[in-house]
Amino acid sequence: MTRATTVRAVLAAVVLLVSLFVTLTMSPRLGLDLQGGTRLVLQAKDSPTAKADRESTDRTVEVLRQRIDALGVAEPTVTRSGEDRVLVELPDVTDPREAAEVLGRTAQLTFHPVLGVPDDAAPDPKPESKPKSGSESESAELVLPDESGGPLRLGAPDLSGAGVEDARAEFDGQRGAGWSVSLDFRDDASRDWTRLTGEAACHPPQDERRRVAIVLDEKVISSPRVSPSVTCGAGLPSGTTQITGSFSADEAKNLALLIKGGALPVPVEVVEQRTVGPTLGAEAISASARAAVIGAGLTALFITFVYRLFGGLAALALAGYTLISYAALVALGVTLTLPGLAGFVLAIGMAVDANVLAFERAREEYASRSGRTSRPLRSALAAGFRNARTAVVDSNVTTLLAAGLLFGLGSGPVKGFGVTLAIGVLVSMFSALVIARALTEMAAGSRFVTDFPGVNGIGLRGRVRTYLTRRAPQLFRRSRRWLGVSTVVVALAVLGVTLRGLNLGVEFTGGRLMEYTTSRPVGIDTARTALADAGFADAEVTTAGERELSVRTGDTGERAEAAIRNALSAEGGATTKVRDDLIGPSLGDELRRHAFIALGIAVGAQLLYLAVRFRWSFAVASVTAMVHDVVILVGVFAWLGRPIDGIFLAALLTVIGYSVNDSVVVFDRVRELWARRPGSPLLPAARAAVLQTVPRTVNTGMGALFILTALAVLGGDSLRDFALALLIGICVGTYSSVFTAVPVALAMESRRKDGGHMGQRERPKPGRGRAADNGARV
């Protein structure tokens, strides 16, 4: 065993042991869509006295955190998002109405002297020793409804809620006062309270001006009279007062919570609300786990069948990949969301790609070196991993670009998918280039493995390679025909978008999407009729089963939701809400804009990267194939009427990465073969490159298809559209990397002045795809 192999083996063992320790000692952080709960996005708004900027939003976060702590929610999350938004996650809170009301109220508490009522024409009694106060000036006068509904003229506030030290809900059953809120003032505020009540005590007992108005968010919630026992100017010295107003227990507790938590510096508005029941999250975890086990098992069997012993060792490395990826997610504290869980499962299939690339290159090396060296297996294996390195790195960088866009421009669970995908890509390279390589190099040192090519798998040519060698198809003799086929398919996709339109989800349009389960089966026509009778004729109703209904409506009020639930209950019996997504129209516009920005940046970033790594013609051809795949995928979803939402955007950007990944592998081989024949035309090199990379494309695609099929069948409704989009994207991407990208490159090169020949000055530099002579033939 060489020193390099020993280093790889030790490094792999250390990483696996650390990952195992993390897995056994730490628990994953589940997102609300997996554990159940409510996610709110609050938009800060400018007020007459404060601007919604970073500083005021940070203060808003602190106030909201105090309120949530008082609510008793376990492990809540309150963070600022951008300049003027606050993200609130409340685990296990599945009825967000009360929480949203408490969190969204500004809670500006002030205490005012009462000047009278607007139509009060009675003369001012002017008590003998009434203290002078500027609060009664006409410029500071305020008219607000009192707790009974009548208007009151109020002076400027003499005291604010910032002076309240404590607030608590109390019940007085002996005097029949019911629930009230008691306030304790701080020292300075206590003196202001004494002065305010002393001024009010200077008026006659029945005079309106003997009252003190307590105002919350520009509404008088209580205006008690100062007791006749309090003399003018003396006031109440205790620093304590009581707010009464026929409160219920919940109202008194919430009011005390608002006052004690403090006032929000700026008003906030709920622009996004997502609620998932715990049952739905548990089902999603169970379904994803089944899909992961079955899909990974089928992938392992397939790669073992194709590459025999070395395939089995790669499957073992795949298990190590799963362990390391999971440990990395847990150790980094990444919140595992439903799309993130799907990304984790998907990455298992994509992790096979690097192994397949290395093994296919090793097969080519073995065929050329057999008989020329005493150790053809070990040398072929080393050369295979070495020559596959550039394709592995280039193809994975394109996927990382897509993951970065998902994280930077996505929202909520889509961000989690971007993080999971990025971790999966990095760990897959470690798994293939370190773990799998160490295992296979140690096995290659065995004489038994070396002497029996049928055992090691590298000495076999493979069924696909044997078929292509025997038939030797003359590809691209009429490359423009393939471009014509691609053009027709793209036109059909555009026609679907034009005729059928896009079924944009509530994330992009704004509105509310609710999912219910009923105790009795409800037909979709029955549900639509029931909702129409309840006043929701425009509501969109779909079914996912006999007892599962999805309702989408533009009316986002809580009364509307209650009316919808009651209408469904009348037909389906006991109705339980398992999911509730609410997106404000402004946020929907923003998310739709971000989606277009993400796609534009994806195209530009991939084009720039490929232009640096390859020729401009190869870069343009790869991006053309990528756009071809995107348009077809969107068109298919338009024809099928499937929703275009954030999850679809995650799948779309993943398809972009996969499409460019395939094209990179092909053009990496084209670059290598073409460089060996300076001055030769591109067509022979392109044809040979495609024939040599087809086995890798087929084997990699099969590994991903096993995983995605398992997700589509077993992953439940939440993941079905995601898996369907990726299945379509991978199939179309596999086609386009050969029959769209290569013909576009041939067409572009044929227009060059040199007729598409590579000159001496264009030969790749070392490390940029030029490999050692491995006996490949053009």
Side-chain angles (χ1 to χ4, degrees), residues 398-399 401-402 405-406 409-410 414 479-505 507-509 591-610 617-664 666-667 697 701 704 708 721-745 747-748:
T398 60
T399 306
L401 288 174
L405 290 173
L406 286 168
L409 297 175
V414 175
S479 60
R480 296 185 185 276
R481 290 186 178 181
W482 294 110
L483 292 179
V485 173
S486 297
T487 302
V488 171
V489 176
V490 168
L492 290 175
V494 173
L495 186 64
V497 175
T498 304
L499 297 180
R500 299 270 297 177
L502 296 179
N503 179 19
L504 295 178
E507 287 176 293
F508 296 140
T509 62
L591 293 175
R592 187 165 62 248
R593 184 170 61 254
H594 280 185
F596 284 112
I597 293 174
L599 292 175
I601 294 177
V603 173
Q606 306 282 15
L607 180 63
L608 180 61
Y609 177 79
L610 294 173
S617 58
F618 292 0
V620 172
S622 298
V623 171
T624 300
M626 177 187 73
V627 174
H628 163 277
D629 300 342
V630 168
V631 173
I632 291 177
L633 177 56
V634 173
V636 171
F637 263 57
W639 281 113
L640 297 177
R642 306 308 301 170
I644 307 293
D645 52 14
I647 304 301
F648 176 82
L649 178 62
L652 187 64
L653 289 175
T654 306
V655 167
I656 287 176
Y658 187 91
S659 173
V660 178
N661 180 315
D662 263 4
S663 299
V664 162
V666 173
F667 284 126
T697 302
L708 291 174
D721 286 337
F722 176 82
L724 176 63
L726 287 175
L727 279 169
I728 296 172
I730 286 178
C731 293
V732 175
T734 300
Y735 165 86
S736 68
S737 63
V738 174
F739 297 109
T740 302
V742 174
V744 168
M748 292 185 67

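Just so you know, these numbers come straight off a predicted model, no measurement behind them.
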Which of Ser486, Ser663, Ser659, Ser622 passes side-chain hydrogen bond (donor to acceptor under 3.5 Å, both in side chains) with Thr740? Answer is Ser486
Supply the atom-to-atom distance [X] [atom1] to [Y] [atom2], rounded to the nearest 0.5 angstrom.
{"X": "Leu652", "Y": "Leu726", "atom1": "CG", "atom2": "CG", "value": "9.5 Å"}
{"X": "Leu724", "Y": "Ile728", "atom1": "CG", "atom2": "CD1", "value": "4.0 Å"}
{"X": "Leu640", "Y": "Asn503", "atom1": "CG", "atom2": "CG", "value": "11.0 Å"}
{"X": "Leu708", "Y": "Leu727", "atom1": "CG", "atom2": "CG", "value": "4.5 Å"}

Using the side chain to side chain contact (heavy atoms under 4.5 Å, CB included) rule, take Asp721 and Asp645 through it: C-alpha gap first, then chi angles, then the decisive distance, then the call.
CA-CA 10 Å; Asp721 286 337; Asp645 52 14; over 6 Å; no
Just wondering, do [Y] and [X] contact through their side chains at under 4.5 Å, heavy atoms?
{"X": "Val630", "Y": "Val655", "value": "no"}
{"X": "His628", "Y": "Val732", "value": "yes"}
{"X": "Leu502", "Y": "Phe637", "value": "no"}

Side-chain donor/acceptor of Arg500 to backbone N/O of Trp639, under 3.5 Å
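Judged by distance alone, yes, a pair lies under 3.5 Å.
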Just by distance, do the side chain of Asp629 and the backbone of Gly729 share a donor-acceptor pair under 3.5 Å?
no
Name all residues meeting the ring-ring contact (aromatic ring centres under 6.0 Å, His included) criterion together with Phe739; count only those two or more places apart in sequence or in a different chain, and write none if there are none.
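Scan of Phe739 (ring-ring contact (aromatic ring centres under 6.0 Å, His included), adjacent residues dropped) gives Trp482, Tyr735.
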Minimum-distance pair of heavy atoms, taken over all atoms of Phe648 and Pro643:
CB-O, 4.1 Å
How close do Ser737 and Ala741 get, heavy atom to heavy atom, and via which atoms?
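Closest pair (atom of Ser737, atom of Ala741, distance): O-CB, 3.6 Å.
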